[in-house]
Amino acid sequence: MSRQLELAEGPEGEIALALHRNAAAAGRKADELAAEAAAEFPAPEGIREVRAVGAYLNFAVDPVWLARRTFGLLARSGRRYGGSDGPAETVCVEHTSANPTGPLHVGRIRNSIIGDTLARVLRARGHAVTTQYYVDDVGRQAAMVTWIWARPPSEWPEEIRRAVEGSRLDDASERADVRYGRPYPAVSAYLKTHPEAAAEVGAITEALEAGRSPPRHREIARATLEGMMVSLARIGVTFDEFVWESSFLADGSVARVLEALRSAPHAVREENGALAIDASGRNLPKESDRIVVARANGTSLYVTRDVAYHLQKLARFPRAIDVMGQDHLLHARTLEVLLGEVGETRRPQFVLYQYLTTPDGGGMSTRKGTAVHLDHLLDEATERARAEVRLRWPESPPEAVERISQGVASGAVRYHIARVAPDKAVAFRWEDALSFEGRSGPFVQYAFVRATSLLRKSGSGGPFALDAAQLAALEELALVRAIARWPRIVAYVERTYHVHAIATYAHDLAEAFNRFYQQVPVLKAGAERESRLALVDGARTTLGAVLDLLGVPTLERM
RNA sequence: GGGCGUGUAGCCUAGCCUGGAUAGGGCGCCGGGUUCCUAACCCGGCGGUCGGGGGUUCAAAUCCCCCCACGCCCGCCA
């Protein structure tokens, strides 16, 4: 019944109960039953009136009761409103984990934003969350970067030099991800037509997989990663831990995994001596029913190292969440099978999302030159925001313009990515990503600014006492209801990991505030002034809490 | 061929888990709103076979089946 109540919440704040089922069970007509029930049903606490509308029983929520309850909770929790101090779990959220081979592009940040937002939500709900970035410093892609930078640009193959001509090649002051990543697409193309070079890269890969690290390899990967983190910091994404894939080779845990797999229940030898797990009957595609975990020469594969990583992760974190593109689904299933083979009973949880594509539906790829770099997008967004700020606030000090522009840009980008359900493929369009209006981050930020401005101009630091009985306007009641919904939204996201619901709610709340702001005078109000300031304060706190979880900066002015 | 996902107005999208009253928003378009708390706002209008078909049900965007379209995956790559 409580389920039906929530689902059927109407625009006037009433809660509706459909009586068809009850009527059928009682052999009655639904509308008659509703009328009868309305007459007899005593209004429970918080309900002002029980009324029959057709076959529905409508419970009108008492706005005074709702406002008192909501603002009581708000006063106790402040900016942590919507959070919880229920039973805490130890959780790991792994996200982004892009190869350290160059600057982050927009296609990657859906992972970052989903993961970071989820981590924020789980933290707000009281869990002990550790975010991890799994750094693949062992595979072929990292090897390619190491290969080209093993010599100075002056000694690079002519084709590669030509492809990056005109760029500063050896400028140590340049950010490392940009610098080291620049030749990457050209190297990738070059290797396709130069088998001897590909063999050299292969040798590096083999060395890495055998646990050896070529000169400069580690240094370049680390510096590149640091550069990438500068980009992510611009949208408020940081990590607690970086876990290097090579560390599982170095500490022997991959070897131990291989040992365990050799005597695993379904271990088999391939004809050439490779070690595999027979996964037939495990609901994997037929072609994948042999999971090769070690080559004939004994070196490990990505999935093998991933087993070592997850064994460590699951030992530390009872709840381990991996955010990954849905193209990794089969890999996830394979990983689960292998964890079972080595006797691990726990499993990670996977949050899958569809990739961001280019407007024509193609994949974003650095190699193909179809990627939009995160920095480029943020620079463009910041530039647009600057123009807007100067227009609205001509005498603004330059540092304020910068702070606001960067906050707006960051908010616009984060919101734009967070707003869509992860199951949907999203085509990246500049004009959409750079929108500051409508269903956007700045729309929500602006509502927060308006509320802040009202409180600042009130001449009082608060706190303001809410006299719930003075709330009368429809816009006031709607705003109270919107504020009251927030804890349920956070709880929903905690349960489903559907972080986009936060973005949807953020817009709804901002809209409710804007309508109130438009219709109801605050500073010039008479007897209701204090109550309205309290309402503004509550809306501001809630907007702030929502923006915090979205990772969208809150601004005092814009 | 198999698996996973998606299909909602010109474009983008929420709702689908857990069926319920006229399917919410946004962009764009048309028309309004500032002597008053920031117009990155608000109000009104136009625009919908919820991919198609069948089924279950008093009731289907929502559950089941079939089909179509699109994306992704099915390496001793990562």
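Keep in mind that what you see is a predicted model, and the values were worked out from it rather than measured. Every chain is numbered from 1 and lettered A, B, ... according to where its sequence line falls, protein lines coming before strand lines.
Base-pair partner of G5(B): C70(B) (Watson-Crick or G-U wobble, both distances under 3.5 Å). Across all strands shown, C36(B) remains unpaired; no Watson-Crick or G-U wobble contact has both distances below 3.5 Å. Look at C50(B): it lacks any Watson-Crick or wobble partner with both distances under 3.5 angstrom. A60(B) makes up no base pair with any nucleotide shown, lacking Watson-Crick or G-U wobble contacts both under 3.5 Å.
Taking the centre and axis of the six-membered ring of F248(A), the NZ or CZ atom of R305(A) falls outside the cone set by 45° and 6.0 Å.
Across all strands shown, Y517(A) has heavy atoms under 4.0 Å from base atoms, whether or not it also approaches the sugar-phosphate. Y302(A) comes within 4.0 angstrom of a base, heavy atoms only. Nucleic acid contact for E209(A): sugar-phosphate only, since backbone atoms but no base atoms lie under 4.0 Å from a heavy atom of the residue. Counting non-hydrogen atoms under 4.0 angstrom, D137(A) reaches nothing in the nucleic acid. Heavy atoms of V536(A) sit nowhere under 4.0 angstrom from any nucleic acid atom. Within the 4.0 angstrom heavy-atom criterion, base atoms lie near R557(A). Counting non-hydrogen atoms under 4.0 angstrom, A276(A) reaches nothing in the nucleic acid. Within the nucleic acid shown, H328(A) comes within 4.0 Å of at least one base atom, counting heavy atoms only. Residue contacts for L454(A): at a heavy-atom cut-off of 4.0 Å it reaches a base atom on one of the strands shown. No contact: A24(A) has no heavy atom under 4.0 Å from any strand. Within the nucleic acid shown, R305(A) comes within 4.0 Å of sugar-phosphate atoms alone, with no base atom in reach, counting heavy atoms only.
Residue order along RNA chain B, read from the 5' end via each residue's closest nucleotide, puts Y492(A) first among Y492(A) and A294(A). Closest-nucleotide positions on RNA chain B for R429(A) and L352(A) were compared, and the one nearer the 5' end corresponds to L352(A).
Comparing G5(B), A59(B), C76(B) against the side chain of D423(A) picks out G5(B) as the nearest. Considering only the side chain of L523(A), C37(B) comes nearest among C37(B), C4(B), G26(B). Closest contact between the side chain of K524(A) and the listed nucleotides C42(B), C36(B), C4(B) involves C36(B). Candidate nucleotides C72(B), C36(B), U6(B) were compared by shortest atom distance to the side chain of D327(A), and C72(B) ranks first. Of the candidates C74(B), C41(B), C76(B), C74(B) carries the atom nearest the L330(A) side chain, counting heavy atoms from C-beta on. Closest contact between the side chain of A16(A) and the listed nucleotides C43(B), A21(B), A78(B) involves A21(B). Distance from the side chain of R439(A) is smallest to G26(B) among G26(B), C42(B), G5(B). Taking every side-chain heavy atom of H20(A) into account, C58(B) is the closest of G2(B), C58(B), C4(B). Side-chain atoms of E245(A) lie closest to A78(B) of the nucleotides A78(B), C76(B), C4(B). The side chain of K457(A) lies closest to C37(B) when the candidates are C37(B), G5(B), A21(B).
Using a 30° and 60° split on the angle between ring planes, Y505(A) and W486(A) fall in the parallel class, below 30°. Aromatic ring orientation, W430(A) versus F428(A): perpendicular (interplanar angle above 60°, classes split at 30° and 60°). Between Y353(A) and Y355(A), the ring-plane angle classifies as perpendicular under the 30° and 60° cut-offs. Using a 30° and 60° split on the angle between ring planes, Y56(A) and H20(A) fall in the perpendicular class, above 60°. Between H498(A) and H500(A), the ring planes lie tilted relative to each other; the angle falls in the 30° to 60° range.
For A14(B), the base has no donor-acceptor partner in the side chain of D508(A) [N/O atoms by modelled type, under 3.5 angstrom]. Between the base of G25(B) and the side chain of H507(A) there is no donor-acceptor pair shorter than 3.5 Å. With hydrogens and angles left out, the side chain of N272(A) and the base of C76(B) share a donor-acceptor pair within 3.5 Å. Between the side chain of E270(A) and the base of C76(B), no donor-acceptor pair of N or O atoms lies under 3.5 Å.
G48(B) and G10(B): their C1' atoms are spaced 12 Å apart (whole Å). Between U49(B) and A9(B), the distance separating the two C1' atoms is 12 Å to the nearest Å.
Phosphate proximity of C43(B) to R515(A): present, with a side-chain N or O under 4.0 Å from OP1 or OP2. Taking side-chain N and O atoms only, K424(A) has a distance below 4.0 Å to OP1 or OP2 of A14(B). The shortest distance between the side-chain N/O atoms of R532(A) and the OP1/OP2 oxygens of C37(B) is not below 4.0 Å. For H500(A), a side-chain nitrogen or oxygen approaches OP1 or OP2 of G15(B) to under 4.0 Å. Residue R295(A) places at least one side-chain N or O under 4.0 Å from the OP1 or OP2 atom of C77(B).
Taking atom OH on Y505(A) and atom P on G25(B), their separation rounds to 17 Å, with Å as the unit. C27(B) atom C1' lies 19 Å from atom CH2 of W430(A), rounded to whole Å. In this structure, M364(A) atom CE and G71(B) atom C1' are separated by 15 Å, rounded to whole Å.
Remark: ring of Y56(A) not stacked against base of G20(B); the cut-offs of centroid gap under 5.5 Å and plane tilt under 30° are not jointly satisfied.
Salt bridge status for R282(A) with E341(A): present, with a side-chain N to carboxylate O gap under 4.0 Å.
Here the options are K313(A), Q349(A), Q132(A), H328(A), the test is side chain to side chain donor-acceptor pair (under 3.5 Å), and the partner is D322(A); only K313(A) passes.
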Checklist entry - Can you list the steps and then say if L275(A) with V292(A) is a side-chain contact (heavy atoms from CB on, under 4.5 Å)? => result CA-CA 6 Å; L275(A) 177 65; V292(A) 176; over 6 Å; no
